[in-house]
Structure formats: structure tokens, C-alpha cells
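Lettering of chains follows the sequences in order, A, B, ..., and the numbering in each one begins at 1. What you are looking at is a predicted structure, and each value in this text was computed from that prediction instead of being measured.
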Number of protein chains: 2
Amino acid sequence: MLTQAAEDYLKSIYKLQEKGGKVSTGILADYLNVKPASVTGMIKKLKSMKLVRHERYQGVTLTDAGMVIALEIIRHHRLLELYLFKALGVPWDGVHEEAEKLEHVISEDVEARMDAFLGYPTTDPHGSPIPDKNGVVLKTHSIPMTDLKNGQSCVVVEVNDSDSALLRHLGSFNLYPGTAFRVIEVAPFEGPFTIDIAGQQAVIGREVAKHIFVNNVNETDNV
Amino acid sequence: MLTQAAEDYLKSIYKLQEKGGKVSTGILADYLNVKPASVTGMIKKLKSMKLVRHERYQGVTLTDAGMVIALEIIRHHRLLELYLFKALGVPWDGVHEEAEKLEHVISEDVEARMDAFLGYPTTDPHGSPIPDKNGVVLKTHSIPMTDLKNGQSCVVVEVNDSDSALLRHLGSFNLYPGTAFRVIEVAPFEGPFTIDIAGQQAVIGREVAKHIFVNNVNETDNV
DNA sequence: TATATAATTTAGTCATACCTAAATTAATTT
DNA sequence: AAATTAATTTAGGTATGACTAAATTATATA
Ligand SMILES: [Mn+2]
Ligand SMILES: [Mn+2]
Ligand SMILES: [Mn+2]
Ligand SMILES: [Mn+2]
């Protein structure tokens with residue numbers, strides 16, 4: 001069995017390489033709240049276990065074996081989030097922190113039982129896809145809310161799950177995965193978005209909008 | 001926050017001092033599958049944190065502060081066992097191992113939610129008392145099954161939860177906490193017990209009987 | 001009481017996973 | 001092409017928690 005730290009590195013490399021290919025030492029250090037020198041040290045260990053590929057100064061990527069483990073941990077994390085949310089009523093802004101610790105210690109048996117209890121779900125409370133037990137992830141197509149223009153309507157697909165204050169903020173507008181909204185106004189000079197959610201208006205700043213991903217984007221008439 | 005290892009030491013000291021007062025280094029080492037020298041090292045740390053009292057060569061006991069932490073971990077463990085058993089259907093011989101890892105990572109919030117889901121239970125699936133959220137433990141009165149004599153009837157109160165093969169064996173006789181049985185025969189020369197469980201006969205060896213605790217002991221007529 | 005045995009502690013090692021500071025390499029400017 | 005800047009790696013150190021081997025202390029036996 002891998003250490004908890006090693007599992008967290010693999011998971012983080014997976015997430016970062018989804019966005020931009022090879023993952024640099026510095027980016028990974030930032031992401032894990034650790035110094036670059038520590039990243040170099042762990043990468044050496046992971047490389048010796050053939051879980052990552054690494055060329056000095058050129059960044060790191062997962063091998064197939066590393067990918068399998070990363071997806072396994074991500075599956076644990078997202079199943080746990082949904083389980084805590086649905087079975088125990090933990091609020092959606094609290095499940096991430098809890099799952100972050102539990103993901104490393106649950107057995108395959110408990111994983112399977114939660115999966116069955118939940119009816120083999122495909123997304124977590126923040127809209128992120130749950131890899132199935134073979135590690136297959138459904139690709140979701142979405143764009144950041146910051147790409148939206150005046151008058152467009154859309155549906156929330158996914159939101160960043162790691163900032164619990166942000167999630168509480170979104171909850172106060174009833175802005176969850178599956179929620180539809182329409183852009184009423186995009187303020188100039190990189191300003192905030194005014195949107196309509198089921199008849200209620202809300203103002204969403206750029207920094208917040210960056211963490212919201214949407215699809216089903218359509219031009220719609222103004223009521 | 002304490003380390004996982006420190007929490008396990010406190011929990012183990014609690015359990016051992018319940019049986020026999022001061023806990024020796026060697027006993028603790030055996031119990032934790034660790035060498036006595038390692039125990040000495042950890043005891044020094046726990047003493048510096050004022051969680052245990054220790055006189056060289058004289059054994060160790062918990063302070064009040066140490067007791068609070070030990071009971072907190074035991075509460076987590078037993079609530080988790082019951083939760084896994086009732087909410088996820090994990091068999092009673094599997095819950096201990098699972099809870100052993102989870103007990104160190106769940107939050108107070110999840111603890112409280114499991115407690116409410118279960119209706120504020122007082123015993124775990126093996127009959128051990130669950131300390132309440134203030135650390136109060138209901139004392140159960142029971143004797144080891146090995147003290148029983150021919151013809152006595154009783155009710156199972158508690159069984160040792162750490163040996164999963166033993167639990168499967170007991171399960172095969174439907175011998176759970178709450179189960180009533182009557183001793184039909186105690187074989188001489190420290191021999192096995194033949195018992196009657198709801199009309200079914202079973203033979204229970206001494207080594208097994210040592211790990212079963214009973215109460216409500218009565219002489220009863222042979223049918 | 002002296003000696004043998006058993007338990008405990010001390011001393012020194014190892015592996016993990018982090019850190020800071022210094023050295024090295026790569027990328028960007030001039 | 002040389003110099004500056006930024007990123008990365010190396011070197012050396014800390015804390016935790018285990019280990020073995022040796023020294024010490026307590027207990028049991030003669
Ligand atoms: Mn798994
Ligand atoms: Mn999530
Ligand atoms: Mn607690
Ligand atoms: Mn138990």
C-alpha cells in the first residue's frame with residue numbers, strides 16, 4: 001500500500017495534467033501547499049515505483065499504473081462526498097474536507113457498499129464525475145462561466161469543491177449542479193455577472209465565476 | 001491534534017487498565033504488536049503531554065486528560081462499527097478492522113450525525129458499550145462463559161471483537177449479544193461446553209468461551 | 001545474601017515526509 | 001553570446017515512530 005502522501009501526489013498530478021499536460025514541480029508544490037524541493041523528493045520515489053514519468057526540469061506525468069491509483073483515490077473521494085451528503089446530510093460545503101481524509105482509509109468493500117447504496121452514481125455533489133470501478137470517467141463538456149455573454153442561458157455542470165466559503169456563497173443563490181440561469185448583464189472592464197436564477201437575480205463576481213462550469217449554452221430572448 | 005499512533009496507545013492503555021490497573025510496557029507492546037523499546041519511547045511523549053502517568057519500571061496509567069481522549073477514540077470506533085453494520089451492511093466480523101482506520105479521521109460532525117442516525121445507541125455490534133458524547137460509559141455486569149456450570153442458562157452480553165475468524169465462528173451458531181443459551185454439559189478436564197441455543201446444540205471450546213461474556217445467569221430445569 | 005532471570009530503558013539506526021538554503025539548469029532579455 | 005531571472009534540484013536538517021542491541025533495574029531463586 002502507498003502512503004497517504006504518495007496517494008495525494010498522484011491524485012493532484014492527475015487533476016493538474018487534465019488541464020495542461022505535463023505538470024511542473026512548482027505548480028504541484030503550490031497545489032499541495034508544499035515546497036518545490038519536497039515535490040522533487042516525492043517525484044523521485046514515485047518514479048522509482050514506475051507511477052510517474054519525469055525528465056529533470058521538464059515536469060511529470062502519470063504512467064498507466066499511476067493513473068489507475070489516481071483514479072481509484074478520486075473515486076473514493078467523490079463517492080464519499082456524495083455518500084456523506086445523501087446518507088448523513090453533511091452540507092455540500094463540508095463534504096470535501098471530510099472526504100479528503102477518508103479517501104485513503106476506506107476498504108474496497110465499503111466503497112462498493114456506498115456505491116450500491118447510492119445507486120451507482122456518476123457525479124458528486126459538486127458535479128464532478130465519479131470514475132466507475134474500472135476507472136472509466138465520463139467526460140463532461142463544459143465551459144467556464146466567464147466565457148458567457150449577455151443574454152445567454154445555461155445549466156451549471158460543475159463547481160470547484162475545495163473552497164467551502166465559495167460553496168456556501170453559491171448555495172445562498174441556490175446555484176448547484178443542474179441549476180439553470182440566464183446572464184442578464186456582464187459588466188464592462190472584466191466586471192461581475194448579473195444573472196437570473198428561477199426569477200431571482202444574483203450578482204456573481206469574476207473570481208467566483210471562474211470556478212463555475214456550465215453547458216447547454218443558448219441565446220434566449222429577454223423574457 | 002494527536003497522531004494516530006498516540007491515539008492508539010491511549011486507547012490501548014485504557015482497555016488494558018480496565019482489566020488490571022497499571023499497564024506494563026511489555027503488555028502494551030504485545031497488545032500493539034510493537035517492541036517494548038518502542039512503547040517506552042511513546043510513553044515518554046505521552047507523559048510530556050501529561051496524558052499518562054509513568055514511574056520507571058512501574059507501568060503506566062492514563063491521566064484525566066488522557067482518559068478523555070481514549071474514550072473519544074473508543075466512542076468513534078464503536079459508533080463506526082455499529083454504523084457500518086446497520087447502515088452499510090458490513091458483516092459483524094468486518095467492522096472492527098474498518099473502524100480501526102476510520103476512528104482517527106472522522107470529524108465531530110460526522111460522529112454526531114452517525115449517532116443521531118442510529119438513535120443514540122449504547123452498545124456496538126459486539127456488545128461493547130459506546131461512551132456517550134461526554135465520555136460516560138455504562139458499566140455492564142458480565143462474567144466469562146468459562147465460569148458457567150452445567151444446567152445454567154444465560155444471555156450473551158459481549159464478545160471480543162478483534163478476531164474476525166472467531167466472530168464468523170460465533171455467527172455460525174447465531175451466537176450474538178442478546179442471544180440466550182443454556183449449558184447442557186461442561187466436559188471434564190477443562191473440556192468444551194455443549195450448549196443449547198434456541199433448540200440447536202453447539203459445542204464451544206474453552207479458547208472460544210474465554211472471549212464470550214454473559215449475564216442473567218440462572219439455574220434452570222432440564223426442559 | 002548473592003546470583004540468575006526477566007522486564008524495562010537507553011542508545012543508536014532507519015524510513016517517511018516535510019523543511020530551508022545553496023547550487024544548478026533552463027529560459028528570457030539585452 | 002552574455003547576463004539576468006526563474007524554476008528546479010541537491011544537500012543537509014527536523015520530527016515521527018518504528019527497529020535492534022546493549023545497559024540497567026527489579027524480581028525470583030538458591
Ligand atoms: Mn477503492
Ligand atoms: Mn467534489
Ligand atoms: Mn469525537
Ligand atoms: Mn466492537
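The nearest whole Å value for the distance from the CD1 atom in B:Ile43 to the C1' atom in C:dT8 is 10 Å. Rounded to a whole Å, the CD atom of A:Gln4 is 13 Å from the C1' atom of C:dT16. As a whole-Å value, the separation of A:Asp8 CG from C:dA17 P is 11 Å. Between the OH atom of B:Tyr9 and the P atom of D:dA18 there is a distance of 4 Å, rounded to whole Å. Atom-to-atom, CG of A:Leu2 to P of C:dA15 comes out at 18 Å; the value is rounded to the nearest Å. Going from atom CG of A:Leu28 over to atom P of D:dT9 covers 11 Å, rounded to whole Å. We find that CG of B:Leu46 is positioned 13 Å from C1' of D:dT16, with the value rounded to whole Å. Between the NE2 atom of A:His54 and the P atom of D:dT8 there is a distance of 8 Å, rounded to whole Å.
In the set C:dT10, C:dC19, D:dC19, C:dC19 carries the atom at the smallest distance from any side-chain atom of A:Ser38. For B:Ala5, the side-chain atoms get nearest to D:dA18 when compared with the rest of C:dT9, C:dC18, D:dA18. Side-chain atoms of A:Lys45 lie closest to C:dT16 of the nucleotides C:dT16, C:dT9, D:dT20. Distances from the side chain of B:Met42 to the nucleotides D:dA18, C:dT10, C:dT20 place D:dA18 closest. Of the listed nucleotides (C:dT10, C:dC18, D:dT20), C:dT10 has the atom at the smallest distance from the side chain of B:Thr40. The side chain of B:Arg56 sits closest to D:dT25 out of C:dC18, D:dT25, C:dT16. Set against D:dT16, C:dC19, C:dA17, the side chain of A:Val34 has C:dC19 as its closest nucleotide.
Counting only N and O atoms by type, the side chains of A:Ser172 and A:Arg168 include no donor and acceptor under 3.5 Å apart. A donor atom on one side chain and an acceptor atom on the other are not found under 3.5 Å apart for A:His77 and A:Asp124. Residues B:Thr61 and B:Gln17 bring no donor and acceptor atom of their side chains to less than 3.5 Å of each other. Donor-acceptor pairing under 3.5 Å is recorded for the side chains of A:His96 and A:Asp161.
Between C:dA7 and B:Ser24, no contact under 4.0 Å exists linking OP1 or OP2 to a side-chain N or O. Phosphate contact (OP1/OP2 of D:dT10, side-chain N/O of A:Lys44, threshold under 4.0 Å): present.
When heavy atoms are screened at a 4.0 angstrom cut-off, B:Thr3 is found touching the sugar-phosphate backbone but no base atom.
Judged by distance alone, with hydrogens and angles left aside, A:Tyr57 brings a side-chain donor or acceptor within reach of the base of C:dT24, the pair sitting under 3.5 Å.
Residues B:Ile27 and A:Ala6 each lie close to DNA chain C; by heavy-atom proximity, the contact nearer the 5' end of the strand is made by B:Ile27.
Counting heavy atoms from C-beta on, the side chains of A:Leu138 and A:Thr123 never come closer than 4.5 Å.
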